[in-house]
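Please read the structure below before turning to the comments.
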Amino acid sequence: MNTVLHEVARQVRRAPGAVAALDPASELSYGQLAARANAVADVLRERGTRPGDVVGVALPRSADYVAVILGIWQAGAVFLPLDPALPPERLRFQQRQAGMSLLLDSVPHTEDAEDAEDTTELRTGDADPERCAYVMFTSGSTGRPKAVLVSHASLHNCVRAVAELLDPGPADRYAANQTFSFDIALLEMFVPLSHGGATLVTSETLQAAPERLVGWLERHRVTVVHATPTAWHFLLPYLTPGRAELQAVCGGEVLTARLAAELAGRAGRVWNFYGPTEVTVWCTAGLVTAGEPDPLPVGRPLAGYRIVLLDDAGERVPDGEQGEIHVGGPGVALGYGGAPELTAERFVDHPEHGRLYRTGDLGRLRPDGRLWFTGRRDRQVQLRGYRIELGEIECVAQEHPLVELAAAHVVDEGLLLFAQGDVTPRALRKHLAAHLPAYMIPSRIEVRGAFPLTPTKKIDRVALLASANR
């Protein structure tokens with residue numbers, strides 16, 4: 001069978017004493033990782049967890065987190081990451097939407113696991129390629145986050161496809177620096193662990209101090225780092241120049257030629273990746289070459305993926321012309337949990353190209369197979385590496401009893417929210433902070449007595465933005 005769990009199990013048998021996962025306070029060999037994962041699975045079964053059940057995980061960052069995920073999969077259950085930093089109401093919504101049956105807020109353990117420091121067997125238990133492996137939330141055009149359901153087969157395909165490019169091996173050490181509620185974290189952990197390497201799980205304390213973070217990663221001989229372009233700007237000053245063994249992976253935002261050139265002075269290879277959560281992390285990638293001008297391409301399809309650009313009529317556009325990016329192949333997610341209508345709208349069966357995911361992104365495909373990202377069809381935006389649906393911010397704002405209408409925009413300094421009603425900016429900001437993560441809180445809030453309207457009685461967003469305080 002082909003799942004990430006099976007791949008890691010092979011590495012446990014191959015080298016149980018090799019380092020698998022480490023954090024600033026601890027280190028786990030493959031054998032120790034397997035023993036702890038087996039114990040987690042045993043505890044889950046004792047608590048009544050059955051194949052297909054959704055298990056929420058709200059734990060601090062540590063090497064043990066990796067074992068918890070493996071244990072959940074071993075029990076045949078679905079991994080749901082819950083970021084403790086999110087507002088309680090948002091976490092409760094995610095739990096309800098995903099159908100969570102059990103919450104882990106501490107690392108499960110058994111006496112057997114404490115007695116056995118390591119093992120040469122990572123049990124694969126009830127892992128099934130066709131079963132859902134994890135649920136990840138992403139912003140929704142309806143104003144509510146979407147629960148993306150991804151199968152083991154899709155995750156295994158992406159891990160294998162990325163590994164074909166990055167060529168991981170036992171000597172490799174990948175930085176696990178993304179929040180676990182972002183799917184990139186799964187690649188940071190399981191690309192190296194599927195090939196005998198190690199994952200370096202950074203702590204919250206290190207993440208708050210770029211100089212210390214880079215120092216810790218370099219002391220532990222990191223070889224691959226994933227980050228958004230914004231994050232790379234913070235890390236760049238502290239990276240040792242000329243590290244030929246380092247691979248810098250960029251994604252989540254537009255990568256400029258200037259930043260790529262600066263990264264090339266510190267890393268042996270610089271990659272530009274693209275892909276929404278609904279197609280399992282990434283679907284295209286390209287090695288950035290020196291001297292290439294803006295805009296940089298986002299590469300060619302990863303192994304097993306299909307990129308199709310269609311017009312509004314569902315017809316394929318000629319090479320070089322702009323169209324909506326559709327993605328096909330084994331990486332396409334199962335759909336959205338609890339949202340069959342939205343699933344049917346975004347996951348479509350095309351008569352010529354088969355099952356495709358409509359990304360809502362616009363792009364151009366060149367004859368050599370390289371893809372250029374050119375923008376969004378809707379009002380979803382990329383800001384500081386996060387996918388943000390402006391409609392979600394507006395929806396939450398309008399839940400305040402004193403807000404009649406809300407309109408969110410992106411301006412040079414960040415997010416700007418207009419509100420119509422008898423609310424103060426301070427009260428509205430407090431309301432938003434109780435329901436949204438920090439990266440979705442507007443940097444500016446302006447209250448209006450009335451919004452300008454178009455002749456069709458819709459908000460005149462152009463006039464509203466023009467009226468913004470300067």
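Using a 4.0 Å cut-off between charged side-chain N and carboxylate O, Arg346 and Glu324 make no salt bridge. Salt-bridge formation is detected for the pair Asp126/Arg45: a Lys NZ or Arg NE/NH1/NH2 atom is positioned less than 4.0 Å from an Asp or Glu carboxylate oxygen. Salt-bridge formation is not detected for the pair Glu389/Lys146: no Lys NZ or Arg NE/NH1/NH2 atom is positioned less than 4.0 Å from an Asp or Glu carboxylate oxygen. Salt-bridge annotation for Asp23 and Arg61: absent, with no side-chain N of the basic residue lying under 4.0 Å from a carboxylate O of the acidic one. Remark: Arg366 does not engage Asp368 in a salt bridge, criterion side-chain N to carboxylate O under 4.0 Å.
In Arg14, the CZ atom is crowded: over 12 heavy atoms of neighbouring residues, nucleotides or ligands sit closer than 6.0 Å. Atom CZ of Phe234 has 12 or fewer heavy atoms from other residues, nucleotides or ligands within 6.0 Å.
Looking at Gln32, its side chain never comes within 3.5 Å of a backbone N or O of Asp118 through a donor-acceptor pair. Judged by distance alone, with hydrogens and angles left aside, the side-chain atoms of Thr284 form no donor-acceptor pair with the main-chain N or O of Gly299 at under 3.5 Å. In this structure, the side chain of Glu278 does not engage the main chain of Tyr357 through any donor-acceptor pair within 3.5 Å. A donor-acceptor contact shorter than 3.5 Å links the side chain of Arg306 to the backbone of His353. The backbone N or O of Ala333 sits nowhere less than 3.5 Å from a side-chain atom of Ser154 that would complete a donor-acceptor pair.
Ring-plane geometry between Phe79 and Tyr65 is classed as perpendicular, the angle between the planes exceeding 60 degrees on a 0 to 90 degree scale with a lower cut at 30.
With Phe190 as the partner, the ring-ring contact (aromatic ring centres under 6.0 Å, His included) test is satisfied by one option alone out of Trp73, Tyr134, Tyr174: Trp73. The residue from Leu165, Val298, Leu187 that alone fulfils the side chain to side chain contact (heavy atoms under 4.5 Å, CB included) condition with Phe273 is Leu165.
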Open item on the list: Using the rule given for side-chain contact (heavy atoms from CB on, under 4.5 Å), can you reason through Ile441 versus Leu415, listing the C-alpha separation, both sets of side-chain angles and the distance that settles it, and then say yes or no?
Closed with: CA-CA 7 Å; Ile441 306 301; Leu415 290 170; over 6 Å; no
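Between Tyr30 and Ala15 the shortest heavy-atom distance is CB-O, 3.6 Å. Closest approach of Ile307 and Cys283 over heavy atoms only: CD1-SG, 4.0 Å. The minimum heavy-atom distance linking Ala163 with His195 is given by the pair CB-CE1, 3.4 Å. The shortest non-hydrogen separation linking Gly369 to Pro301 is O-CD, 3.8 Å. Closest approach of Glu218 and Thr240 over heavy atoms only: OE1-OG1, 2.7 Å.
Centroid-to-centroid, the aromatic rings of His431 and His435 come within less than 6.0 Å.
With 3.5 Å as the limit, one finds a donor-acceptor pair spanning the side chains of Ser181 and Thr179.
With a 4.5 Å cut-off on side-chain heavy atoms, Val281 and Ile184 count as touching.
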